[in-house]
2 protein chains.
Amino acid sequence: MYDALVSTSEKLVEAAQELLWERGYVGTSPKALQRRSGAGQGSMYHHFHGKHDLARTAIRRTAEELRATAEADLGGGGGAVERVEAYLLRERDVLRGCRLGGLAQDPDVAADPELRRPLEETFGWLRGRLAEVLEEGRAGGEFTAALDARDTAAAVVAVVQGGYVLARSAADPAPFRQAVEGLLALLRASATAPRP
Amino acid sequence: MYDALVSTSEKLVEAAQELLWERGYVGTSPKALQRRSGAGQGSMYHHFHGKHDLARTAIRRTAEELRATAEADLGGGGGAVERVEAYLLRERDVLRGCRLGGLAQDPDVAADPELRRPLEETFGWLRGRLAEVLEEGRAGGEFTAALDARDTAAAVVAVVQGGYVLARSAADPAPFRQAVEGLLALLRASATAPRP
DNA sequence: GTCTATAATAAGATAGAC
DNA sequence: GTCTATCTTATTATAGAC
């Protein structure tokens, strides 16, 4: 609603976010961006320098949103295991893949520091944030003292990103759920085993 | 060497394997395939129906190769932990990503059953093969009896695929290694903890 | 700010000579 | 089997009127 109140520039950015998610950077054309946003040829080049500039803006926006979503899970109450579970078990549109992680495979994104940096920063932050939570849990006796928070955090994020790859390969969300369950079981075992 | 003995058809398939790895399906043009292979315009369309047909052949070839490589690790000697370690710690060109898994993000591959099926079959086989190894280990007392071999197998493959995503996002192989180490630590803890 | 030309280059393939 | 020509449609913009 209030569509008329959404600026052309804003509609272009939102269209770019969608198309980058669906088709990546190399798979998204200026024409497709114009069609999806409803903006004309001239409008797009008035508001942005071109496809690259618009994509840059859209990727940064998506990165901010993803970070906020993750913080909602990780900053909640409960113990470390519960917060990591909240992150891992959050409802996801598994077959569409990660809005940000999917772009890591795009050759033009990987090769361009301006496009790649939001990915680097966001996943770097996410691994750090998960490591904080896990370290809190370790210090509080939730995990065995030997647990390496940073390595474990990387494994948690990797399972999610890899889960998307397996699910999209199979055209079925099941492998994503399996991978998450597999990791959670290991994590829970590592939490309870050393406490008799 | 003996380059003259490699047929044009073969050179086209190998060029397609490389370009699909580097640029995906949507990012690979017929012209690029011709340039990379050294084949002329007419030759490509003589040997294949077009880009789609050539890509289909190349993806199937890559899938076979990936399967053979994985079996070399998983079919070796040693216990379950050692064979899973062999798979996880195998030397990889981390920043280039997985030759097959990267294609899961390509919109045209995901949408086309002919192009997607080799991914589905290969990752399905890989998860099954890892589950066999893990189940062997569980039955042999290497792991806690509660370990779910299929879920754990999915987690193992997901960590590798997600590790590629994190490494490419960071333009640095370190997150891949961390994720693998994080998972291995959990797996080892699950193997030794219940054995006093 | 938006619109309609205009344009050089590439995509993806077909036709037919050699 | 390979080569050159040809074709249609997209890509990625720029120019300038409104």
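Protein chains get the first letters and strands the later ones, always in sequence-line order, with residue 1 at the start of each.
Applying the salt bridge (charged side-chain N to carboxylate O under 4.0 Å, His left out) definition to pairs two or more places apart or across chains, those involving residues 70-83 of chain A are A:E71-A:R129, A:D73-A:R90, A:R83-A:E136. Residues in residues 13-32 of chain A take part in these salt bridge (charged side-chain N to carboxylate O under 4.0 Å, His left out) pairs, two or more places apart or across chains: A:E18-A:R36, A:E22-A:R36, A:E22-A:R96, A:R23-B:D108. Sorted by first then second residue, the side chain to side chain donor-acceptor pair (under 3.5 Å) pairs that include residues 160-177 of chain A, not counting sequence neighbours, are A:R92-A:Y164.
Applying the side chain to side chain donor-acceptor pair (under 3.5 Å) rule to A:D93 yields no partners; only residues at least two apart in sequence or on another chain are considered. A:E121 pairs by the side chain to side chain donor-acceptor pair (under 3.5 Å) definition with nothing, not counting sequence neighbours. Under the rule for a side chain to side chain donor-acceptor pair (under 3.5 Å), the partners of A:E120 that lie at least two apart in sequence or sit in another chain are A:R116. Qualifying side chain to side chain donor-acceptor pair (under 3.5 Å) partners for B:R35, counting only residues two or more places apart in sequence or in other chains: none.
Listed in residue order, the members of residues 48-62 of chain B having a heavy atom less than 4.0 Å from DNA chain D come to none. Taking a 4.0 Å limit (strictly below) on heavy-atom distances, residues 30-47 of chain A reaches DNA chain D at A:P30, A:K31, A:Q41, A:Y45. Scanning residues 102-118 of chain B for heavy-atom distances under 4.0 Å to DNA chain D yields an empty list. The stretch residues 14-26 of chain B has no heavy atom under 4.0 angstrom from DNA chain D at all.
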task: Show your working on side-chain contact (heavy atoms from CB on, under 4.5 Å) between A:L184 and A:R188 and close with a plain yes or no.
output: CA-CA 6 Å; A:L184 272 177; A:R188 292 188 192 114; 3.6 Å; yes
task: Evaluate side-chain contact (heavy atoms from CB on, under 4.5 Å) for B:Q105 paired with B:V165, printing each intermediate quantity in order.
output: CA-CA 11 Å; B:Q105 191 52 39; B:V165 171; over 6 Å; no
- request: Take A:Y25 and A:D112, measure what side-chain contact (heavy atoms from CB on, under 4.5 Å) needs, and give me the verdict at the end.
  value: CA-CA 11 Å; A:Y25 183 83; A:D112 184 326; over 6 Å; no
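Think of the region where chain A sits on DNA chain C: with heavy atoms and a 4.0 Å cut, that region ends 5' and 3' at C:dG1 to C:dA5.
A salt bridge is defined here as a Lys NZ or Arg NE, NH1 or NH2 lying under 4.0 Å from an Asp or Glu carboxylate O, and A:E64 with A:R61 fails to meet this definition.
The residue B:S9 sits apart from the nucleic acid: no heavy atom pair falls under 4.0 Å.
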